[in-house]
Peer 1: 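Structure incoming, see below.
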Amino acid sequence: MITVEFLGPIGKPAMTMEANTLHDVAREIKKDPSMAQWIDNCAVAVNDMLVGSLDTPLSEGDKVSLLPPVCGG
Amino acid sequence: MITVEFLGPIGKPAMTMEANTLHDVAREIKKDPSMAQWIDNCAVAVNDMLVGSLDTPLSEGDKVSLLPPVCGG
Amino acid sequence: MLELHDGALNVPEILTRWYSDESAYNYGAYIPFVGTVRDEDGIDGLSFDVYEPILLSWFETWCLKVAPLGAKLKMAHSRGDVLNHESSYIAAVFSPKRRVALETIEQFVEDFKASAPIWKYDLKEGERIYARERSTAIAGAGLLGENK
Amino acid sequence: MLELHDGALNVPEILTRWYSDESAYNYGAYIPFVGTVRDEDGIDGLSFDVYEPILLSWFETWCLKVAPLGAKLKMAHSRGDVLNHESSYIAAVFSPKRRVALETIEQFVEDFKASAPIWKYDLKEGERIYARERSTAIAGAGLLGENK
């Protein structure tokens, strides 16, 4: 099981799922129509490191974070 | 009569002279050998306005200032 | 050093403390950037969410990047609500030389705006509204949509 | 606003006073640049001569130049002696927007170094020695040597 958390304005509670790579996470998240507005603009971190490929492997207990567009300052 | 003042590190007392243009001032200042090191690197102001030509006319009571290389901050 | 504060920043306290903390280290230039909430578009203020783990690693990467130049970075940011004319952000660079300081503060602040995991909301008529149109997708975003 | 101080600047007092003075004017960005005397080459400190009339007109020209951008400049500089690790120079910009503030502080500080009528001396073993090799001739200098 891994945990997926949705940061900032996404406002969706964290969820747990079975996943071997981020492909599995993407597939699962797309089932939620409210996520359509975030799919194409979120960055993704695994265990707080930003990643660049859906092939990123996941292990038991990993934390995946979705980071929507930012505006600090 | 006009007054010529020597700013910052030049360390020469102000002098008065007759001068119709800055050509006259340049000629007079070059008589002082200690000024040789400053002639080619000083900017010149007339009545506290920087000027760009030796043809600048001078009038009775004008103040000419020589500004050597600067380093504020 | 990165510090997060609940609500508005105490700008005089922070600017003075940082200056004092570094006064013995022979830096020739100190440039703080202070960001203040502008009264515009009828807002009462802004509110911020901060994701601290990634903010911290982003900040530490920057510190390592500028260390070979002899420069040091500091940053303070608000969490939660900050009202109009209060300040929510201070970034600062210390460096031996002016050129490094001027270039570093510009690059750091611009990358902060583009990359730091902080989300901004307008406070307007009692609501907290995500500033979507002023926000920037982080470099590499959109990953999840790639295998449509 | 341009202020000249005898000896070292009180940096906390100046940074805080400027911030406070502008707090109601809806500026989004405040960037002070603080210049501090470095302990190097065996000096005890620096000393400064300032020619105020031309410094003031140079500064006023800059204020007029940035006013159409909505920006405001402030500057403080020391006269006379400033010891190692004390500060002699603060320039600051206030502006509604960050890009204008970042660009203005850089251009202003660089032009200050090249043009402001201030002369620097090293304080070393009781002497006051003109920092000739670190100084820059003002644009257009050399006029008097033209008709050799």
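Keep in mind the model is a prediction, meaning the values are calculated, not measured. Lettering follows sequence order; numbering is per chain, from 1.
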Peer 1: Does CE in C:Met1 sit with more than 12 non-hydrogen atoms of other residues, nucleotides or ligands closer than 6.0 Å?
Peer 2: yes
Peer 1: Please look at C:Phe33 and chain A and tell me whether the side chain, the backbone, both or neither of the residue comes under 4.5 angstrom of a heavy atom of that chain.
Peer 2: neither
Peer 1: Against chain A, label C:Thr136 side chain, backbone, both or neither, depending on which of its atoms sit under 4.5 Å from a heavy atom there.
Peer 2: both
Peer 1: Kindly check if the number of other-residue, nucleotide or ligand heavy atoms within 6.0 Å of CD (C:Glu125) is above 12?
Peer 2: no
Peer 1: Given heavy-atom pairs under 4.5 angstrom as the criterion, report whether the side chain, backbone, both or neither of C:Ser115 touches chain A.
Peer 2: backbone
Peer 1: Report the residue from C:Ile138, C:Ile118, C:Asp49 that forms a side-chain contact (heavy atoms from CB on, under 4.5 Å) with A:Val70.
Peer 2: C:Ile138
Peer 1: Just how far is it from atom CG of A:Asn41 to atom CG of C:Leu144, taken to the nearest 0.5 Å?
Peer 2: 10.0 Å
Peer 1: Out of A:Pro68, A:Pro9, A:Cys71, which residue meets the side-chain contact (heavy atoms from CB on, under 4.5 Å) rule with C:Ser135?
Peer 2: A:Cys71
Peer 1: Quick one: what part of A:Glu28 sits under 4.5 Å from any heavy atom of chain C, side chain, backbone, both or neither?
Peer 2: neither
Peer 1: Non-hydrogen atoms of chain A under 4.5 Å away: do they reach the side chain of C:Ala116, the backbone, both or neither?
Peer 2: backbone
Peer 1: By a 4.5 Å heavy-atom criterion (distance strictly below it), what part of A:Ser53 contacts chain C: side chain, backbone, both, or neither?
Peer 2: backbone
Peer 1: As an exercise: rank A:Gly8, A:Ala43, A:Gly73 by heavy-atom pairs under 4.5 Å with chain C and give me the winner.
Peer 2: A:Gly73
Peer 1: Give the minimum heavy-atom separation between C:Ile54 and A:Asp48, together with the two atoms involved.
Peer 2: CG1-O, 3.4 Å
Peer 1: Under a 4.5 Å heavy-atom cut-off, does chain A meet the side chain of C:Ala91, its backbone, both or neither?
Peer 2: neither
Peer 1: Looking at every heavy atom in both A:Asp40 and C:Gly145, which two are closest together, and how far apart are they?
Peer 2: OD1-CA, 3.6 Å
Peer 1: If you count heavy-atom pairs under 4.5 Å between each of C:Trp119, C:Trp58, C:Tyr89 and chain A, which one has the most?
Peer 2: C:Trp119
Peer 1: Measuring heavy-atom distances to chain A, does C:Arg132 have an atom under 4.5 Å in its side chain, in its backbone, in both, or in neither?
Peer 2: side chain
